There are 2 protein chains.
Amino acid sequence: MSVAQEFEAANANYVSTFDKGALPLPPARKVAVVACMDARIDVFRALGLQEGDAHVIRNAGGRVSDALRSVIISQQLLGTREIVVVHHTDCGMLTFTDDHLRTKIKDDLKQNVDHIAFLPFKDLKQSVVDDVQALRNNPLVLDVPVTGYVYEVETGKIVKVDV
Amino acid sequence: MSVAQEFEAANANYVSTFDKGALPLPPARKVAVVACMDARIDVFRALGLQEGDAHVIRNAGGRVSDALRSVIISQQLLGTREIVVVHHTDCGMLTFTDDHLRTKIKDDLKQNVDHIAFLPFKDLKQSVVDDVQALRNNPLVLDVPVTGYVYEVETGKIVKVDV
């Protein structure tokens with residue numbers, strides 16, 4: 001059985017208990033979360049979100065430069081007015097460099113990806129600082145509160161990073 | 001109180017019941033989900049995910065062209081071998097065009113974003129077909145099972161799209 005088929009079976013359970021009705025399209029709590037795609041982070045549970053509360057943007061590392069299109073749409077068309085950035089301990093982005101991944105892809109897939117920035121980082125806290133500042137300084141992003149956290153995959157705790 | 005402060009309070013609850021211990025970095029179920037950032041989709045609950053199971057990549061529309069960096073990292077460095085694409089009913093991406101949003105940003109922010117493709121779509125099912133095919137045809141993406149769904153925000157149900 002593919003994982004997709006397992007998802008269909010699990011979804012039937014979810015549907016059987018679904019009681020949300022027709023929620024509005026704009027997020028009720030007017031916030032966009034930018035978080036890493038890491039499998040260990042259940043953003044809804046970890047931050048106390050309910051269906052309808054918040055935009056949840058996720059990518060490798062939770063990097064904001066790769067989330068800009070979504071942030072602009074979230075603010076300009078759907079009214080969010082706060083941003084929360086979540087990176088985390090034991091992140092895969094700490095384990096490689098652009099050179100390493102580009103060489104692997106050249107060797108394994110025979111493809112040149114020198115034009116892709118994979119956005120790894122060497123310092124976790126600094127990556128949060130960098131991404132919060134990048135949002136604050138981007139003229140395409142509204143002047144709204146931006147808060148950055150490190151999520152500890154070992155404990156489930158979010159720790160605020162001073163920026 | 002900012003939403004970020006509300007998240008900190010909710011997170012204290014999550015930490016108090018956290019019982020996952022140290023989970024491995026690579027996703028246990030070897031799958032990457034690409035889904036829309038829409039506030040109404042709780043990807044974990046809707047698909048039956050537990051912490052540690054799957055990469056969850058989310059952006060405006062769940063568009064794969066904007067998820068490519070993350071998919072490559074997921075497959076090349078963290079071993080996922082299946083992809084599930086989830087778009088949804090009542091999506092914001094059905095409500096605008098690039099021209100509309102570019103003009104709004106020019107008017108409101110005095111910024112030119114003609115270089116940004118915001119990736120809206122006019123046909124929901126077709127957007128899933130397009131994105132599943134884009135993954136299957138991309139030489140940077142491994143030849144793995146790719147399944148596409150429409151999530152119904154009204155019912156919580158995922159409906160498979162034949163591609």
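Only heavy atoms go into these numbers, but all of them, side chains included; no hydrogens, no water, no symmetry mates. Owing to the predicted nature of the structure, the values given are computational and were not obtained by experimental measurement. Here is the naming used below: chain letters follow the sequence lines, and residue numbers restart at 1 for every chain.
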- Item | For Met37(A), the option from Val71(B), Val33(B), Ile73(B) that meets side chain to side chain contact (heavy atoms under 4.5 Å, CB included) |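 One option only clears the test, and that one is Ile73(B).
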Which bit of [X] comes within less than 4.5 Å of chain B, counting heavy atoms only: side chain, backbone, both or neither?
{"X": "Pro145(A)", "value": "neither"}
{"X": "Glu82(A)", "value": "side chain"}
{"X": "Ala12(A)", "value": "neither"}
{"X": "Pro26(A)", "value": "neither"}
{"X": "Glu152(A)", "value": "neither"}

Counting only heavy atoms closer than 4.5 Å, note whether [X] contacts chain A via side chain, backbone, both or neither.
{"X": "Leu77(B)", "value": "side chain"}
{"X": "Phe118(B)", "value": "both"}
{"X": "Pro24(B)", "value": "backbone"}
{"X": "Val34(B)", "value": "neither"}
{"X": "Leu101(B)", "value": "side chain"}
{"X": "Gln76(B)", "value": "both"}
{"X": "Ser2(B)", "value": "both"}
{"X": "Ile57(B)", "value": "both"}
{"X": "Lys160(B)", "value": "side chain"}
{"X": "Ala67(B)", "value": "neither"}
{"X": "Thr17(B)", "value": "neither"}
{"X": "Ala46(B)", "value": "both"}
{"X": "Ile41(B)", "value": "backbone"}
{"X": "Val159(B)", "value": "neither"}

- Message: As an exercise, state the distance from CG of Leu47(A) to CD of Glu8(B), rounded to the nearest 0.5 Å.
- Response: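 Between Leu47(A) CG and Glu8(B) CD, I get 10.0 Å after rounding to 0.5 Å.
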- Message: Check whether Arg40(A) reaches the backbone of Leu23(B) with its side chain - one donor and one acceptor, N or O, closer than 3.5 Å.
- Response: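 Yes, the answer is positive, given that a donor and an acceptor are paired below the 3.5 Å cut-off.
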- Considering only NZ, NE, NH1 and NH2 on the basic side and carboxylate oxygens on the acidic side, decide whether Lys20(B) and Asp42(A) come within less than 4.0 Å.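 Salt bridge: no.
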- In terms of side-chain geometry, is the basic nitrogen of Glu6(B) or Arg29(A) positioned less than 4.0 Å from the acidic oxygen of its partner?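 So Glu6(B) pairs with Arg29(A) through a salt bridge.
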